[in-house]
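All heavy atoms count here, side chains included; hydrogens, waters and symmetry mates do not.
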Amino acid sequence: MEVRVRYAPSPTGNQHIGGVRTALINYLFARSQGGKFLLRLEDTDRTRYSDEYVKNLYDTFKWLGFYWDEGPDVGGPSAPYIQSERFALYKEHAEKLVSMGQAYYCFCAEDRLAKLHADAQDEEAGEGGSYGYDRRCRNVDPAEASRRLAAGEKAVIRLKIPLDGTTKFRDALLGDIEWKNADVSPDPVLLKSDGFPTYHLANIVDDHLMHITHVMRAQEWISSTPMHVIMYRAFGWTPPEFCHLPMVLGQDGSKLSKRHGATSLNEFRKNGYLPEALINYVAHLGCSYEEGREIFTLKELEGLFRVEKLNKASAVFDYTKLEWYNGQYIRMKTDAELAALVMPFLAAAGLVAAGSDGAPAPGPAQAAVVLGAMPLVKERLKFLTDAAPMMRYLFEEPALPAPEEFIPKKLDAARAAELLAAAAALLPSCDLADVPACEAAFRAEAERLGAKFGDLMMPLRVAATGSRVSPPLFESIHLVGLEKCLARIERARKLLVP
RNA sequence: GGCCCCUUCGUCUAUCGGUUAGGACAAAAGAUUCUCAAUCUUUAAAGAGGGGUUCGACUCCCCUAGGGGCUACCA
């Protein structure tokens, strides 16, 4: 039988690390088994829904670079893949369950339910146990229920959870799990009074109708799984295989959330992360692949993924390690690739020309400088966002640093000015395309002046780039241009000897 | 409170009864070096506690502790 798995997000927020992790593992599992990965939009919560989140979902996965085989935007044999477009299906199935005696209409008012809930909260210190719905409507005579319905009374449909006995299921990761039915949520709502299904109903109906073979979702869902199994049986269906994935936690050990830092993929993208790095890091959360290796391509992960390699314990999201991955992937880019990646950030910083839509539109000269700078900055970047501040001096006249910035340790302003003048005098005779030759010439000059090579370089560096920390100097001067650099040097020299 | 899941260096992990408990990130030290990086070398760092089972437990079982999740007409 063909493996079919799905990612079933609810468009009530932007895509975040947790969701992407679930999607990725489903995707990897499908690929490793030669199966299908589908996307289903679970938009049954009308109060929190927004179109913007649907758009964000598509944008995010296009950027990440792994996509579903079937889904609302790409179609497929189980269409439609949007639950709001399957509206009639759920009502029909809920009513079927009622007619089979497996579910019932509940007429309880919301305020009575709220009071029930509040009372249960108050009794927390007590014996415990009396949680959830009290099943008052479970034994309403079906004939009476029809009468009240016909009279226009509002109702929800609830699933009958067996009062005793146990429910068992096997989790592919956690093994056999058995629950007392008394501990299962008492008669959960399947169909809300607005006619929309709850997650539980829609999920089961769709997974069955879409022939989903494996349900892989976060471990926070595990406690509703017995209820889902009961529902499958009530319908007379065979449940799929379950696999509950370890959770992703923040540094403090609680479920990863905004207060732990960036969690939405929007933010990672904006902050200069590479999709490859994110994918690789997220794939390694709670899962190992091959010993002694950290870097994998998506294709390799697809081939190596095994459910048995998943870890049972939840994992802490480590931004520092992700940062390292990001640097690794940046270094793997060719100069041309990296230039293209960095360009939008340079345009946003105003270093490079941009069109009216904000997209980069560099002229040939700017493009050449960016490309030429790639070998200088590549191994210094951790994020794409690091490029603009690091490359600013290539496009703009740097602000004149304070005089002390120019002065090497143990020297004074007069000496620094002298070294600057020597550098300015030497530079025009150097072939800036030949770095070793430039360096040799400067070393000789330093010796002649009785100065340390570093002490000759530092004032020059600060003058040419505006900072004591910069990409390699001779290459930088070459990119900026000799004339401009001589002017920068002269400006600095005047600052030191007024 | 109840129910469920989990527990190897600070973090992510390897180990599927017998290892000097391995690797990666971070940290520290060193090498290299025109600054900063990158790179290379080295160091420090772990089986929550207590009982069993076994010739032998990180590994299997039980208890305790700790962490997490769920407990909605949200997913």
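Around NZ of A/K91, the count of heavy atoms belonging to other residues, nucleotides or ligands within 6.0 Å does not exceed 12. Annotation: A/K382, atom NZ; neighbour count of heavy atoms from other residues, nucleotides and ligands within 6.0 Å does not exceed 12. Around atom CZ of A/R170, no more than 12 heavy atoms belonging to other residues, nucleotides or ligands sit under 6.0 Å away. Heavy atoms from other residues, nucleotides or ligands lying under 6.0 Å from CZ of A/R136 number 12 at most. A/K452 NZ: 12 or fewer foreign heavy atoms inside a 6.0 Å radius.
Residue A/Q251 is the one, among A/Y199 and A/Q251, whose nearest nucleotide of RNA chain B lies closer to the 5' end (criterion: closest heavy atom). With the nearest nucleotide of RNA chain B identified for both A/Y325 and A/R380, A/Y325 has the one nearer the 5' end.
Rounded to a whole angstrom, the distance from the P atom of B/A75 to that of B/C70 is 14 Å. When the P atom is used for both B/U53 and B/G69, the distance is 37 Å, rounded to whole Å. B/C63 and B/U7 are spaced 15 Å apart, taking the C1' atom of each and rounding to whole Å. When the P atom is compared between B/A57 and B/G49, the two are found 15 Å apart, to the nearest whole Å. When the P atom is compared between B/A38 and B/A46, the two are found 27 Å apart, to the nearest whole Å. One C1' atom belongs to B/U33, the other to B/U43, and the distance between them is 23 Å to the nearest Å. Taking atom P in both B/U8 and B/C3, the straight-line distance is 25 Å, to the nearest Å. Nucleotides B/C9 and B/A21 place their C1' atoms 11 Å apart, quoted to the nearest Å.
For A/Y199 and A/D45, the side-chain atoms include no donor-acceptor pair closer than 3.5 Å.
With a cut-off of 3.5 Å on both Watson-Crick or G-U wobble distances, the partner of B/A24 is given as B/U11. In this entry B/G1 has B/U71 as its Watson-Crick or G-U wobble partner, both defining distances falling under 3.5 Å. Using Watson-Crick or G-U wobble geometry with both donor-acceptor distances under 3.5 Å, B/C34 finds no partner in any strand shown. With both pairing distances under 3.5 Å, B/G18 is matched to B/C55 as a Watson-Crick or G-U wobble pair.
What separates CG of A/L159 from C1' of B/C73 is a distance of 15 Å, to the nearest Å. The distance from atom CG of A/D455 to atom C1' of B/U35 is 12 Å, rounded to the nearest whole Å. Atom-to-atom, CG of A/D134 to P of B/A72 comes out at 13 Å; the value is rounded to the nearest Å. Protein atom NE2 of A/H200 is 11 Å distant from nucleotide atom C1' of B/U71, rounded to whole Å. The separation between A/R217 atom CZ and B/C70 atom C1' is 12 Å, rounded to whole Å. Taking atom CD on A/E220 and atom C1' on B/G67, their separation rounds to 16 Å, with Å as the unit. As a whole-Å value, the separation of A/I161 CD1 from B/C3 P is 18 Å.
Of all nucleotides listed (B/G68, B/U15, B/U35), B/U35 comes nearest to the side chain of A/M458. When distances run from any side-chain atom of A/V316 to the nucleotides B/C4, B/C34, B/U11, the shortest one goes to B/U11. Nearest to the side chain of A/M457, among B/C70, B/C34, B/C73, sits B/C34. Of the candidate nucleotides B/U7, B/C70, B/C34, B/U7 has the atom lying nearest to any side-chain atom of A/A313. Among the nucleotides B/A38, B/U15, B/C73, the one closest to the side chain of A/K382 is B/A38. Set against B/U35, B/A26, B/C70, the side chain of A/T320 has B/A26 as its closest nucleotide. Picking from B/A75, B/U35, B/C6 the nucleotide with the shortest atom distance to the side chain of A/R48 gives B/A75. The listed nucleotides are B/A14, B/C74, B/A26; the one nearest the side chain of A/W324 is B/A26. Closest contact between the side chain of A/W179 and the listed nucleotides B/G68, B/C34, B/C3 involves B/C3. Ranking B/U39, B/C34, B/G69 by closeness to the A/R331 side chain, first place goes to B/U39.
Regarding contacts with the backbone of B/C36, every side-chain N or O of A/R468 stays at 4.0 angstrom or more from both OP1 and OP2. Distances shorter than 4.0 Å separate some side-chain N or O of A/K192 from OP1 or OP2 on B/C74. Between A/N311 and the phosphate of B/A14, there is a side-chain N or O to OP1/OP2 separation shorter than 4.0 Å. Listed pair A/Q328 / B/U39 meets the phosphate criterion, a side-chain N or O lying under 4.0 Å from OP1 or OP2. In terms of phosphate contacts, A/T44 brings a side-chain nitrogen or oxygen within less than 4.0 Å of OP1 or OP2 of B/A75. Residue A/S288 has a polar side-chain atom (N or O) positioned under 4.0 Å from OP1 or OP2 of B/A14.
Contact annotation for A/V189: backbone-only contact, meaning every heavy-atom pair under 4.0 Å involves sugar-phosphate atoms and none involves a base. Heavy atoms of A/L285 sit under 4.0 angstrom from primed sugar atoms or phosphate atoms, though from no base atom. Among the protein residues, A/G253 comes within range of the sugar-phosphate backbone only, with heavy atoms under 4.0 Å from sugar or phosphate atoms but none that close to a base. If you check every strand for non-hydrogen atoms under 4.0 Å, A/L174 touches sugar and phosphate atoms only. Residue contacts shown for A/P9 are absent, as no nucleic acid heavy atom lies under 4.0 Å away. Note on A/E110: a base of the nucleic acid sits closer than 4.0 angstrom, heavy atoms only. Within 4.0 Å (heavy atoms only), A/R293 reaches no atom of the nucleic acid at all. Across all strands, A/W221 comes closer than 4.0 Å to base atoms (heavy-atom distances). A/K378 comes within 4.0 angstrom of no nucleic acid atom, judged by non-hydrogen atoms across all strands. Among the protein residues, A/G286 comes within range of the sugar-phosphate backbone only, with heavy atoms under 4.0 Å from sugar or phosphate atoms but none that close to a base. Residue A/C438 is classed as having no contact, given no heavy-atom separation below 4.0 Å to the nucleic acid. Residue A/P246 is classed as having no contact, given no heavy-atom separation below 4.0 Å to the nucleic acid. Within the 4.0 angstrom heavy-atom criterion, base atoms lie near A/E291. Base contact: A/E439 has a heavy atom under 4.0 Å from a base atom.
None of A/Q219, A/E220, A/R217 except one satisfies the side-chain hydrogen bond (donor to acceptor under 3.5 Å, both in side chains) rule with A/H244; the exception is A/R217.
Formation of a donor-acceptor pair under 3.5 Å by the A/Y7 side chain with backbone atoms of A/W68 is not found in this model.
Electrostatic pairing of A/K312 and A/D171 does not count as a salt bridge here, judged by no charged N lying under 4.0 Å from a carboxylate O.
Cation-pi contact between A/R158 and A/Y104: absent, since separation from the ring centre below 6.0 Å together with deviation from the ring axis within 45° is not met.
One can find a donor-acceptor pair under 3.5 Å joining the base of B/C73 and the side-chain atoms of A/S193. If you check distances only, the side chain of A/K321 does reach the base of B/A24 with a donor-acceptor pair under 3.5 Å.
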